[in-house]
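Below is one structure, written out as C-alpha cells; the observations come after it.
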Amino acid sequence: MDINSIAKKMVAKGKGILAADESTGTMEKRLKSVNVECTEKNRLNFRETLFSSNSMKTNISGVILFDETLRQTSSLGISIPELIIKSGALPGIKVDKGAKILAGSKNEKITEGLDDLRPRMEEYYKLGARFAKWRAVFSISDTHPTVQSIKSNAHALARYASIVQEAKMVPIIEPEVLMDGDHTIDKCYDVTSIVINECYKELQLHNVNLSGTVLKPNMIIPGKDCKSKVSTEEIAAKTLKCLKNNMPKEVPGVAFLSGGQSEIEATRNLNEINKINDTDFNFTFSYGRALQQSALKTWAKSMDDKSKVQKVFNHRAKMNGLSSKAEWSDSLEQVA
Ligand code: 13P
C-alpha cells in the first residue's frame, strides 16, 4: 500500500487508532495504578486481550506499539503484528526515545531518537509496521513554550517524518500542547496554532509528502487547573478553527490524542468536532488512556476473563467509532 492509502486508512470514518505504545516506564505507572506488577508477561497479557477484541475489526484502523510489543508472540502462536493484521488493522510503532531536557532551556523538553532512526525503520518495516509515531511536548506557562522549544521540536519532527517516509511508512506528527496548568482555552488556541504552523513549515522544508502523514494534535481545551469552564461546543469550534487555519489541505486527516481527558469527555468532544466539520479532513481518535482506562481496571480484577475485559474495550472503541462519524450521544453510554 502506498503512504497516501495507508494514511487514509488510518483516519477512515468509523475507525480510529489505539495508542498502546506506552514505554515500559509509563506502563509501570499505569499497572501500578491498578495494583498489578509490571512484568513482560502482564504487559503482553493486557495488550493481547485488547488486540484480539472484536472491535479491532470494526472500530480500530491501527495500533501504535512499543518496540517490545512489536517483537512479542501472542498466546495464539502468531506474532503481535500478525494478530493485528489478521483483524484488518495496521500495526504502527512509536519510534521516538522520549522527551528529554532541552539543553540551554529552563526545563523544556526535546524529543530524542533521530540518531539511529534510519536502520531502525528498516527493521520495523520488516517486522510489519506500516506507520510510526513521534511525540513532541510543549508546556504552557507565562514563559513557555519558548521559540527555542517550538523550533527545535518542529525540526526534529520533520527530520523524523522524512526518514519514516523514506522507509515507505506513514509518520504520525504528534505535537502535544500539554493540559497541565491553569491557562485559558484561548491561550491553548494561540500556542497550538503557533506550534502546528511551525511544524508544517519544517515538514515542507524537509520535503515531507503531506498526503502520506497524519496529524495527532491536542484538542483546544483549557488547562486542567483553569477556573473558567467551557462548553463542548466552544472546544469543538476552537479546535476546528485552529486546525482549519494551520493545516495544509494535502493532509488526509487528524487523529486526536486524549491527553488526560476522561473517556467520555474525549468521546463527546470528538463527536462535537465532527458535527461541525465543514472541511475535507477526517477527524478521528488516536487515544491511549481514553480507550484503555476502563478496560485496564476490569483486566486488573479479572485477568483470566478475557471476554469481560473485551466487552469493556469494545464498548469504548464503538463509542469513539461513532463519534468519528458524529453519531454518538450520551444515551448510548447509559445502555452499556
Ligand atoms: P493519550 O490519548 O493517553 O494522551 O495517549 C495518546 C498518545 O499516544 C500519547 O503519545
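Residue numbers run from 1 in the order of the sequence given. Hydrogens, waters and symmetry mates play no part in the numbers below; they use all other heavy atoms, side chains included. Both ligands and their constituent atoms are indexed starting at 1 by order of listing.
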Notebook entry, point to check: Given Glu22, which of Arg47, Lys29, Arg30 fulfils the side-chain hydrogen bond (donor to acceptor under 3.5 Å, both in side chains) condition?
Noted result: Arg47
Next item on the list: Going by the side-chain hydrogen bond (donor to acceptor under 3.5 Å, both in side chains) test, name the single residue among Asp115, Asp116, Thr111 that passes it with Lys97.
Entry: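 Exactly one option meets the side-chain hydrogen bond (donor to acceptor under 3.5 Å, both in side chains) with Lys97, and it is Asp116.
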Next item on the list: Using heavy atoms and a cut-off under 4.0 Å, could you grab the residues that are in contact with ligand 1, chain by chain, numbers ascending?
Entry: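 These residues qualify: Ala19, Asp21, Lys133, Arg135, Glu174, Lys216, Leu257, Ser258, Gly259, Ser286, Tyr287, Gly288, Arg289.
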Margin query: Test your reading of the model: is there a side-chain donor-acceptor pair from Tyr287 to the backbone of Glu263, 3.5 Å cut-off?
Written below: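 Side chain of Tyr287 to backbone of Glu263, a donor-acceptor pair under 3.5 Å: no, none is there.
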Checklist line | Main-chain N/O of Gly77 paired with Thr73 side-chain donor or acceptor, under 3.5 Å | finding: no
Next item on the list: Go through the steps for Asn218 and Thr192 under the test side chain to side chain donor-acceptor pair (under 3.5 Å), then give the verdict.
Entry: CA-CA 8 Å; Asn218 49 284; Thr192 306; 3.2 Å; yes
Margin query: Go through it in stages, so that I can follow the logic: the residues are Ser302 and Asp304, the test is side chain to side chain donor-acceptor pair (under 3.5 Å), and I'd like the CA-CA distance, side-chain angles, deciding distance and then a yes or no.
Written below: CA-CA 6 Å; Ser302 324; Asp304 296 326; over 6 Å; no
